[in-house]
Amino acid sequence: MKAAVIHGPGVIKCDTVDDPIIKDSRDVILKVTSTAICGSDLHMYSGGIPQARPMVMGHEFMGIVEEVGQHITNLKVGDRVVVPFPISCGSCYFCQHDLPTACEHSNPEHYGPEGGIVTDKGGALFGYSDLYGGYDGGQAQYVRVPYAHFGPRKVPDHLTDEQVLFLTDIFPTGYTGVMWGELKGGETVAIFGAGPVGSMSAKSAILHNAKKVIVVDTQQYRLDQIKNLTGCDTILWEDGQDVIDQIRDMTDGRGADLCIEAVGFEPDRNLLDRAKAVINFEKGSIKVLEACMSAVRRGGIVSILGVYPVNYDNFKLGQIFDKGITIKAGQCNVHAIIDELMDHVQTGRVQLDDIITHRLSLEEVSKGYEIFDKKQDGCVKVVLDPWKASGL
């Protein structure tokens, strides 16, 4: 089959690899009909999340059941399904407590309670390094889906792939960031990052009846897109303190009720930022998170959706304590909310596919990663068709 394989930082190719096979009685083999490139994939593409051996990428995918293991009774060949990005057994303590990203069984070689940098990680994720299980992802023509009795959800016939594809990750993730904010209605939500997750956060804030939604980004074209889609307020990041001042000016000096960090540890950085990281022996930067903690009001909540895989000194614990900030963070527990979000899509309360800017064949995956990573050609979200010939 054809698959997008990472060979090292900056090198992703459409290779011919072996077809996946059933390895466990709870597996299914899925014929992938649509898949997407996620901002989290760019952390592997950059080398920020290390991966020594070649691996099939991708954790946003859906398709048609091609083969089922002998203990799969909830699915049959021909069913069309969308698949949450965490791989979760459904039976352990954490899966039973709606925390499937902490699954005790899916990542046996690297799982543990500590949450370390290279050991004691959480549950497995599709196509996201050996640290998170080493499972091949869904940027491919076929994919093995473990624990298929628990993860995949059937898709109604009247919904297109693109209408539901983002139930795999970015819509549940953005929704979770707002859900953590405990909105009652009428609040101000400031979202840092106008990429796919930031866009879904803005849509989710509107679903939760936020009074004002403010989106911050370094790219004007991304701000223009989300403003056009949602009517939110936007701020172009040119100077971090100026962004904080603008948010305070828009909230009677208090700050936002909820700040959502949807960027992660690899924001746009200047030479000073990069030098600081080298001096501190740190990877990337927490400057966007620091801006969130300054821009949130006293007693407010900060939701961290962007990936932070390492530790940082000079973390402003004193500011958190003095302001009484609540911080919530982590991978999204998709299984716990995907059915609710599917209903939002079915009833038309939210549209997900309007953020797509590029539709490419799987053979064009290298181009897709490049334009997404470098923010070229107005790229916000790339969807790949595994069965489309290049250039057609």
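Keep in mind that the numbers below use all heavy atoms, side chains included, and drop hydrogens, waters and symmetry copies.
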Exercise. When rounded to the nearest 0.5 angstrom, what distance separates NZ in Lys375 from CG in Asp377?
Worked result: 14.5 Å
Problem set entry | Pair Thr218-Glu238, side-chain donor/acceptor within less than 3.5 Å | no
Problem set entry | Full working for side-chain contact (heavy atoms from CB on, under 4.5 Å) between Leu258 and Ile260 | CA-CA 7 Å; Leu258 167 65; Ile260 296 177; 4.0 Å; yes
For this session: Report yes or no: do Tyr308 and Ile170 belong to one cluster of Ile/Leu/Val/Met/Phe/Trp/Tyr joined by side chain heavy-atom distances under 4.5 Å?
Result: yes
Exercise. When clusters are formed by joining ILVMFWY residues with side-chain heavy atoms under 4.5 Å apart, either directly or through shared neighbours, do Tyr142 and Val68 land in the same one?
Worked result: no
Problem set entry | Test: Lys2 and Glu363 ion pair at under 4.0 Å | yes
Problem set entry | Heavy-atom side-chain proximity of Ser199 to Leu229 below 4.5 angstrom | no
Exercise. Are Val164 and Leu352 connected in a single hydrophobic cluster, I mean Ile/Leu/Val/Met/Phe/Trp/Tyr linked by side-chain heavy atoms less than 4.5 Å apart?
Worked result: yes
Exercise. Ile338 and Phe61: same hydrophobic cluster, using ILVMFWY side-chain contacts below 4.5 Å?
Worked result: no
For this session: Say whether, by atom type as modelled, one donor and one acceptor occur between the side chain of Arg298 and the main chain of Asp322 under 3.5 angstrom.
Result: yes
For this session: Kindly say whether Pro386 contributes a backbone atom to a donor-acceptor pair with the side chain of Gln141 at under 3.5 angstrom?
Result: yes
Problem set entry | Check: Thr119 side chain, Gly116 main-chain N or O, donor-acceptor pair, under 3.5 Å | no
For this session: Taking the side chain as every heavy atom from C-beta outward, state whether His149 and Tyr147 have any atom pair closer than 4.5 Å.
Result: yes
Exercise. Do Thr230 side-chain atoms and Ala202 backbone N/O form a donor-acceptor pair below 3.5 Å?
Worked result: no
Problem set entry | Minimal non-hydrogen separation, Lys23 against Asp27, with atom names | N-OD2, 2.8 Å
Exercise. Does any N or O in the side chain of Glu364 come within less than 3.5 Å of the main-chain N or O of Ser361, such that one atom is a donor and the other an acceptor?
Worked result: yes
Exercise. For Lys381 and Ala36, which heavy atoms make the closest approach, and how far apart are they?
Worked result: CE-CB, 3.9 Å
Exercise. When you check the gap from the basic side-chain N to the acidic O, do Arg144 and Glu67 get nearer than 4.0 Å?
Worked result: no
Problem set entry | Close side-chain approach of Val189 to Asp257, heavy-atom, < 4.5 Å | no
Exercise. Between Glu187 (side chain) and Gly185 (backbone), is there a donor-acceptor pair under 3.5 Å?
Worked result: yes
Exercise. What class does the angle between the rings of Tyr128 and Tyr132 fall in, given that below 30° is parallel, 30 to 60° is tilted and above 60° is perpendicular?
Worked result: tilted
Exercise. Heavy atoms, side chains only, cut-off 4.5 Å: are Phe192 and Ile214 in contact?
Worked result: no
For this session: Would you mind telling me which of Cys89, Ser88, Ser91, Pro84 makes a side chain to side chain contact (heavy atoms under 4.5 Å, CB included) with Phe150?
Result: Ser88
Problem set entry | Salt bridge flag under 4.0 Å for residues Asp79 and Lys76 | yes
For this session: Kindly check if the number of other-residue, nucleotide or ligand heavy atoms within 6.0 Å of CG (Asp239) is above 12?
Result: yes
Seminar exercise, completed: On a heavy-atom basis, the closest approach of Pro100 and Cys95 is CA-SG, 4.1 Å
For this session: Report the C-alpha distance between Met179 and Ser303 in whole Å, list the side-chain angles of each, state the deciding distance to 0.1 Å, and finish with yes or no for side-chain contact (heavy atoms from CB on, under 4.5 Å).
Result: CA-CA 9 Å; Met179 188 171 63; Ser303 294; over 6 Å; no
Exercise. Taking the side chain as C-beta and beyond, is there a heavy-atom pair between Phe85 and Glu60 under 4.5 Å?
Worked result: no
For this session: Take atom CD of Gln351 as the centre, draw a 6.0 Å sphere, and report whether it contains more than 12 heavy atoms from other residues, nucleotides or ligands.
Result: yes
Seminar exercise, completed: To the nearest 0.5 Å, atom OG of Ser366 lies from atom CG of Leu360 at 11.0 Å
For this session: Would you kindly confirm whether Phe166 and Ile191 end up in one hydrophobic cluster when ILVMFWY residues are joined by side chain heavy atoms under 4.5 Å apart?
Result: yes
For this session: Count the heavy atoms of every other residue, nucleotide or ligand shown that sit under 6.0 Å from CD of Gln376, and state whether that count exceeds 12.
Result: yes
Seminar exercise, completed: What one should report as the nearest heavy-atom pair of Gly193 and Val263 is CA-CG2, 3.8 Å
Exercise. Checking ring pair (Phe, Tyr, Trp, His ring centres under 6.0 Å) for the pair Phe372/His358: CA distance, chi angles, key distance, verdict?
Worked result: CA-CA 9 Å; Phe372 188 30; His358 292 74; 9.4 Å; no
Problem set entry | Sidechain-backbone polar pair: Thr251 side chain, Arg248 backbone, donor-acceptor under 3.5 Å | yes
Exercise. If only atom types and distance count, is the side chain of Asp217 paired as donor or acceptor with the main-chain N or O of Gln219 below 3.5 Å?
Worked result: yes
Problem set entry | Worked check of side-chain contact (heavy atoms from CB on, under 4.5 Å) between Leu305 and Glu261 | CA-CA 6 Å; Leu305 304 179; Glu261 203 285 16; 5.8 Å; no
Seminar exercise, completed: Smallest heavy-atom separation, Thr173 atom then Cys332 atom, equals OG1-CB, 3.4 Å
Problem set entry | Pairwise side-chain contact, Arg80 with Asp161, heavy-atom cut-off 4.5 Å (strictly under) | yes
Seminar exercise, completed: Shortest non-hydrogen pair, Ile304 vs Leu289, comes out as CD1-CD1, 3.6 Å
Problem set entry | Check against salt bridge (charged side-chain N to carboxylate O under 4.0 Å, His left out), Arg359 and Asp385 | CA-CA 8 Å; Arg359 295 170 175 86; Asp385 184 341; over 6 Å; no
For residues 39-52, which side-chain N or O atoms pair as donor and acceptor with protein atoms under 3.5 Å away, sequence neighbours left out?
from	atom 1	to	atom 2	distance (Å)
Asp41	OD1	His59	ND1	3.4
Asp41	OD2	Cys38	N	2.9
Asp41	OD2	Gln139	NE2	3.2
His43	ND1	Glu266	OE1	2.7
Ser46	OG	Leu42	O	3.4
Ser46	OG	His43	O	3.0
Ser46	OG	Gly48	N	3.1
Ser46	OG	Glu266	OE1	3.0
Ser46	OG	Glu266	OE2	2.8
Gln51	OE1	Asp130	N	2.8
Gln51	NE2	Arg53	O	3.2
Gln51	NE2	Asp130	OD2	3.2

Exercise. When you check the gap from the basic side-chain N to the acidic O, do Asp354 and Lys203 get nearer than 4.0 Å?
Worked result: yes
Problem set entry | Salt bridge present between Asp24 and Arg26 (N-O < 4.0 angstrom) | yes
For this session: State plainly whether the residues Lys212 and Asp233 are in salt-bridge range, i.e. N to O under 4.0 Å.
Result: yes
Exercise. Is there a donor-acceptor contact under 3.5 Å from the side chain of Trp387 to the main chain of Val32?
Worked result: yes
Problem set entry | Asp120 side-chain N/O to Gly115 backbone N/O, donor-acceptor pair under 3.5 Å | no
Problem set entry | Separation of Leu223 CG from Cys232 SG (nearest 0.5 Å) | 8.0 Å
For this session: Ignoring hydrogens and angles, state whether a donor on the side chain of His7 or Asp15 is under 3.5 Å from an acceptor on the partner side chain.
Result: yes
Problem set entry | Val382 and Thr357: CA distance, side-chain angles, deciding distance, side-chain contact (heavy atoms from CB on, under 4.5 Å) verdict | CA-CA 6 Å; Val382 178; Thr357 54; 5.5 Å; no
Exercise. Take atom NZ in Lys367; do more than 12 heavy atoms of anything else shown fall under 6.0 Å from it?
Worked result: no
